[in-house]
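To start, the structure under review is shown below, and the notes come after it.
Whatever order the structure lists ligands and atoms in, that order sets their numbers, starting from 1.
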Amino acid sequence: MKITIPPLPSSSRTNDEGHLEVAGCDVVALASEFGTPLIIYDEEQIREHCRTYLQSFRARTDDFEIAYASKAFTCLAMCQLLAEEDMSLDVASGGELYTALKAWFPPEKIYMHGNANNTEELARGIRSEVGHIVADSMDEILALNRIAVKNSRRQPVMIRVTPGVEAHTHDFIKTGKQDSKFGIGIADDRAFSAVALAMEQENLELVGLHMHIGSQIFDLEPYSQALAVMADFMARCQQELGFDCRVLDAGGGLGASYLSGDQPAGIDSFAEVVVGGTRREMERVGLPVPHIVVEPGRSIVANAGLTVYTVETVKEIPGIRTYVAVSGGMSDNMRPMLYGARYEALLANRATEQDAGTYTIAGKHCESGDILVKEAQLPEPQPGDLLVTPATGAYGYSMSSNYNGQPRPAVLFVKKGAARVIIRRESYEDLVHLHERLE
Ligand code: LLP
């Protein structure tokens, strides 16, 4: 039977045994083979999201790139998949760059970001000939030039500016407003000075501007406002500095669906707002339409992924609540603790049973706040049941930790009834791998 919980991958269904199945794989069988916590991605769903982005933009312009934001989830297999799908890539550190290059991701399709990349990280970017480095500060512009000179390379760069627009999302993931650690403000002329500074640098080729207004955005109106600010800024830089902005990167941020009632705007609407908005604004200020780049992360992987846990204990506090404690928690999903993010839950081994009540899903960590789902509707859970939280494909594994000595989960790609380990489960040996003994 097809399952209609929207946050789950669209291939999800229940089978004759009443188990949850994803892309033809029985989740109960996967948990028994690979253990829990287990992160499962429907590979085709990720590819489909990439293709929807490419098609939605291609329908409106032939001069664009979709640069997947590695920070949402990355590993060698993911980078290989992205290369196969003809995507570009956003990396935000030396480590994400290293991962991409290890997977033979084409460096010319990489956009390198970061607000505090060190000399070694920037040098790695320049020496690997990444397509674009997005400078986030005056200091970085100067550092990039010094490194480019040293390496006898003329590096294409962009500047991340803050348009001063408020996106309607959680405070911690708003980034385009005036008071932000990211980017350089347009309103107070610092961005203008940054453009002038970058243009003066002998070994930098300033090709464009970048903005990123926030993440998990449902209402797309702030993009239109931000594009208008960018267009005015581009026109001023053109007139006063002779700067031709050939590339405009509108960042990521499109929301994903975490709860059954969530209705994110959708990829096609996002494409319309970004491409249509850029066209309209360029016409208004009399500039040519630049090469358009966007950097989606969450909207590509969040709903393609889910996490499976084992129910370890069930503790009823009479008249208050029932805690259902599972085999993972804040170490594999920081989002509930960090942002108060909400998730739903279901039992993979009893997926067709009626809900019996409301339960609180607790993680296994030594923190009272380690609660994955405050109120989950479930059949009465028993130790040994397999609990699934849908929509954990973005910023789960990538923000994971070894807190309380918890090895990181295994990650699978499932497709047409077959599962492939793309990141193996950490072992206890891995936990002490870097430790040195006292003499
Ligand atoms: N581009 C830049 C420059 C970014 O900073 C980000 C996200 C993205 C693209 C991708 O945004 P997305 O399409 O995934 O929304 N850990 C938080 C999200 C932090 C996002 C940081 N930057 C969370 O779990 O909600």
Side-chain angles (χ1 to χ4, degrees), residues 46 49-50 52-53 65-74 78 82 87-93 96-97 110-117 132-137 140 158-163 167-177 180-184 208-220 222-223 226 248-258 262 264-267 270-271 273-274 292-305 307 330 332-343 372 389 391-401:
I46 302 178
H49 290 162
C50 294
T52 306
Y53 261 103
E65 271 170 280
I66 311 293
Y68 168 75
S70 304
K71 69 202 82 185
F73 170 69
T74 192
M78 184 67 198
L82 293 161
M87 298 280 280
S88 297
L89 196 65
D90 148 0
V91 300
S93 68
E96 287 181 358
L97 174 63
I110 294 180
Y111 286 76
M112 185 172 184
H113 294 264
N115 71 311
N117 280 331
H132 297 85
I133 298 184
V134 183
D136 189 81
S137 63
E140 192 180 1
M158 298 171 62
I159 296 177
R160 177 167 179 173
V161 299
T162 41
H168 308 297
T169 185
H170 193 285
D171 247 5
F172 289 6
I173 51 179
K174 275 183 190 170
T175 48
K177 56 187 181 155
S180 172
K181 74 165 185 167
F182 298 107
I184 310 179
L209 297 174
H210 170 280
M211 69 176 207
H212 173 74
I213 58 174
S215 198
Q216 184 59 359
I217 296 174
F218 274 47
D219 169 12
L220 300 180
Y223 285 98
L248 178 61
D249 187 333
L254 177 63
S257 154
Y258 287 89
D262 285 351
I267 295 170
F270 180 70
V273 167
V274 172
I292 297 175
V293 184
V294 288
E295 300 165 347
R298 188 192 314 267
S299 50
I300 289 183
V301 285
N303 291 110
T307 307
M330 60 181 284
D332 57 79
N333 188 1
M334 268 297 287
R335 301 194 70 258
M337 274 190 91
L338 202 51
Y339 316 112
R342 290 172 60 208
Y343 289 85
L372 287 168
T389 47
T392 54
Y395 304 107
Y397 193 89
S398 64
M399 297 201 297
S400 64
S401 77

Side-chain (S398) to main-chain (A72) donor-acceptor, under 3.5 angstrom: yes
4.0 Å heavy-atom contact, R160 with ligand 1: yes
Student check: side-chain heavy atoms of L89 and L82 closer than 4.5 Å: yes
Contact summary for F182 and T162, nearest pair of heavy atoms: O-CG2, 3.1 Å
Atoms of ligand 1, numbered as shown, that sit under 4.0 Å from any heavy atom of M399: 16 (N), 24 (O)
Atoms of ligand 1 close to A69 [distance to a heavy atom under 4.0 angstrom, numbered from 1]: 8 (C), 9 (C), 10 (C)
Atoms of ligand 1 close to G297 [distance to a heavy atom under 4.0 angstrom, numbered from 1]: 12 (P), 13 (O), 14 (O)
P296 to ligand 1, any heavy atom closer than 4.0 Å: yes
Within reach of ligand 1, part of F182 (heavy-atom separation under 4.0 Å): neither
Within-shell test, G251 vs ligand 1, heavy atom, strictly < 4.0 Å: no
Between Y223 and F270, ring centroids under 6.0 Å: yes
Nearest-option assignment for atom 4 (C) of ligand 1, heavy atoms, candidates Q216, H113, K71, M211: K71
Side chains of I46 and M78 in contact at under 4.5 Å (non-hydrogen atoms): yes
Plane angle bin for H132 and Y111 - parallel if under 30°, tilted between 30 and 60°, otherwise perpendicular: parallel
Heavy-atom check, side chain of L338 versus side chain of Y395, under 4.5 Å: no
G253 neighbourhood, listing ligand 1 atoms whose heavy-atom distance to it stays under 4.0 Å: 11 (O), 12 (P), 13 (O), 15 (O)
Ligand-residue contact atoms, ligand 1 with E295, heavy atoms, under 4.0 Å: 1 (N), 2 (C), 3 (C), 8 (C), 9 (C), 10 (C), 13 (O)
Where ligand 1 meets D90 - atom numbers and elements under 4.0 angstrom, heavy-atom basis: 1 (N), 2 (C), 9 (C)
Aromatic centroids of H210 and H113 separated by under 6.0 Å: yes
Structural part of R298 in contact with ligand 1, heavy atom criterion under 4.0 angstrom: both
